[in-house]
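Structure first, then comments.
Numbered from 1 within each chain, the chains take letters A, B, ... in sequence-line order. All values below were derived from every heavy atom in this structure, side-chain atoms included, with hydrogens, water molecules and symmetry-related copies excluded.
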Amino acid sequence: MKTKEILKQSIFTDNSICRQILGICSALAVTNLMMNSLVMGLGVIFTTALSSYTISLIRDYTPRSVRMMVQTLIIASYVIIIDIFLKAFFPDISRSLGPYVGLIITNCIVMGRAEAFAQKNKPFDSLIDGVGSGIGYMLVLLVIAFVRELFGFGSLFGFKILGDWWTPWSIMVMAPSAFFVLGLLIWYINYRSLPKQA
Amino acid sequence: MEINSFVIFIAAIFTSNILLTNFLGMCSYLSISKDMEASAGLGMAVFFVLTFTSGLNYLAYHYILVPLNLVYLQYIIFIIVIAAFVQLLELVIERFSPVLYYSLGIFLPLITVNCAIFGISLFMIIRNYTFIQSIAFGAGSGLGWLLAILALAGIRGKVREKMLPKGMNNAAISLIITGIMALAFIGFSGVVIIQ
Amino acid sequence: MDKEKKLFSETRVYPVVFMIIVALLFGTILAVFYHSTIKRVELSEELRFKQSVLSLFSLPFDDVIESYEKHIIEQEKDGYKYYVAYSDEEKIGYCFIVHGAGLWGSITCLVGVDPEFDQLIAIHILNQSETPGLGGRISEPTFQEQFAGKPIFEGEEVINYRLVSEKDAAKETEINQITGATASSKAIVDMLTDNLKKIIEILGDQI
């Protein structure tokens, strides 16, 4: 498959969150602030791309019986690298994301792409698929975070957008709003892709 | 740390429900909740695994990782402990209750990557719980997850496809229902009072 | 994928060997990465702590290490460590690390007290794991700032600030809680009372 096709599919047509319904946990947890969503998105892109690439590299040598364990080990290693990197160079963000960085390991997207794509395709294609899946994930996260941060804090990326006249909607900061915004988003995307009826 | 373990247990079910407040364990929650029986089975399995792995991971962390100065490997060790325990559980279930084994099918290996299980172990380390507190936390979170998935399965059983607006698929309506449940659970937040 | 399998790869030993090799490889990479950054992480933790102590007393922290060395003295009594702040040879206050139980986990906080032990200079929450967006808002400046200048004693007893709604004006003995986060707000207030009582007991007549 051509690179452009792979990208288009993984970012849009087969979007990890909205179409495949994967990676929901973190999509709800970190989207109260755009900065957190951005960092999380980058983390997932990094992890999915590199682990898909590595897993694809050794797919011919990996015995079937230990396949899941090897995948988990590789994914976990990349996530640990990200975690250490954040702790060393961006400690505030590391503290803000907390345990959700470690949770990238159990993010169904990373494991899902490894199983569904990397096991059966060439390393470079797997890398691109990983990047695309990650980008698709990040875009959805940013959309949700945009709504939640703007109405919940009146800011975007920490910069105050709405003035003091705005009474923040507390619900946007709390859990239920994430469910609602994501649910409505998935509904909208699904609705748009329905075949037009006469 | 002086928080009563029983309080942690109750709070984990209601006021800080692992799924409705901390968003963990969504993937299998969304896909399995179509079927009431499967949900009950999976929920029980999650409860069981959570209670035990919280304790196991606590021991692994404090008696292996910390003394050997390998704390940065905690993610790998926790996942391995969880995977091994689930594998063991699978063998035990297959041996003693083939019926349960067949109905759970693919879900057991799915539990291994269930973010809820892994997440609880991570949380418990960050919050510095003692051994008893960790177990209480794991058990309570498991029950909370079971409660949430049963509730959603029950509601989804009543929703007929004709009722839904055009384009709303399973995932979307499940999320919205879950959001309403999460709102309701916020009402519990006055229940827990720390002395 | 099956075309070029060597005979060795079909033995039962192969998966084990494979796992061990992969585990060692990645383990080594991680160990190297970890050890090359650990100093940096520790340094940044130390800087963060010292900067928090300095900012408690509004001392400058352009050069954290130098400023800390110049202004803060670490003291100990009966195994309890605390910090004394000086500015131009004059004692401007004490700093204590206090712990308390939040709704979710332990809370660690720096408390600055004036030299006469009459009022709080400021508090600074270092660590907490309360519910983000709700109890987690205790880390916001607006909540913590209200403790500056609050009296420590109410009559003869260490005060336990009463909580009032976020919208009301708070009297000297009151604290505006965070809406929807009574437990976390109360946790902070109780933590201060309990710890200050203990500190006064330990330090006795040194203050």
Is the number of heavy atoms from other residues, nucleotides or ligands within 6.0 Å of [atom1] ([X]) greater than 12?
X: Glu172(C); atom1: CD; result: no
X: Met19(C); atom1: CE; result: yes
X: Tyr80(C); atom1: OH; result: yes
X: Phe153(C); atom1: CZ; result: yes
X: Glu66(C); atom1: CD; result: no
X: Phe157(A); atom1: CZ; result: yes
X: Met111(A); atom1: CE; result: yes
X: Phe33(C); atom1: CZ; result: yes

Quiz item: Considering residues at least two apart in sequence or located in another chain, which fulfil the ring-ring contact (aromatic ring centres under 6.0 Å, His included) criterion with Tyr53(A)?
Solution: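 None.
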Quiz item: Would you find a donor on one side and an acceptor on the other, under 3.5 Å apart, between the side chain of Tyr14(C) and the backbone of Thr62(A)?
Solution: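 No, Tyr14(C) side chain to Thr62(A) backbone: no donor-acceptor pair under 3.5 Å.
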Exercise. Taking the side chain as every heavy atom from C-beta outward, state whether Phe18(C) and Ile58(A) have any pair of such atoms under 4.5 Å apart.
Key: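 Counting from C-beta outward, Phe18(C) and Ile58(A) do come under 4.5 Å.
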Quiz item: Heavy atoms under 4.5 Å from chain A: which residues of residues 42-53 of chain C carry them?
Solution: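 Ser44(C), Glu45(C), Arg48(C), listed by number.
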Quiz item: How far apart are the C-alpha atoms of Thr54(A) and Phe26(C), what are their side-chain angles, what is the distance that settles it, and do they pass the side chain to side chain contact (heavy atoms under 4.5 Å, CB included) test?
Solution: CA-CA 11 Å; Thr54(A) 314; Phe26(C) 276 90; 4.0 Å; yes
Quiz item: Given the options Ala88(A), Ser94(A), Pro91(A), Gly152(A), which has more heavy-atom pairs under 4.5 Å with chain C than any of the others?
Solution: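 Result: the option with the highest number of such pairs is Ala88(A).
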Practice problem: Just give me the residue among Val70(A), Leu33(A), Ile81(A) that pairs up with chain C most often, heavy atom to heavy atom, under 4.5 Å. | Solution: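 Looking at each of Val70(A), Leu33(A), Ile81(A) in turn, Ile81(A) comes out on top.
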Between [atom1] of [X] and [atom2] of [Y], what distance do you get to the nearest 0.5 Å?
X: Tyr61(A); Y: Ile21(C); atom1: OH; atom2: CD1; answer: 12.5 Å
X: Ile80(A); Y: Ile29(C); atom1: CD1; atom2: CD1; answer: 11.5 Å
X: Arg40(C); Y: Ile84(A); atom1: CZ; atom2: CD1; answer: 13.5 Å

Quiz prompt | Segment of Tyr34(C) engaging chain A (4.5 angstrom heavy-atom cut-off) | solution =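 It is both, since atoms from each part get that close.
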Quiz item: So Thr37(C) and Phe85(A), side chain to side chain contact (heavy atoms under 4.5 Å, CB included) or not? Walk me through it.
Solution: CA-CA 8 Å; Thr37(C) 55; Phe85(A) 178 75; over 6 Å; no
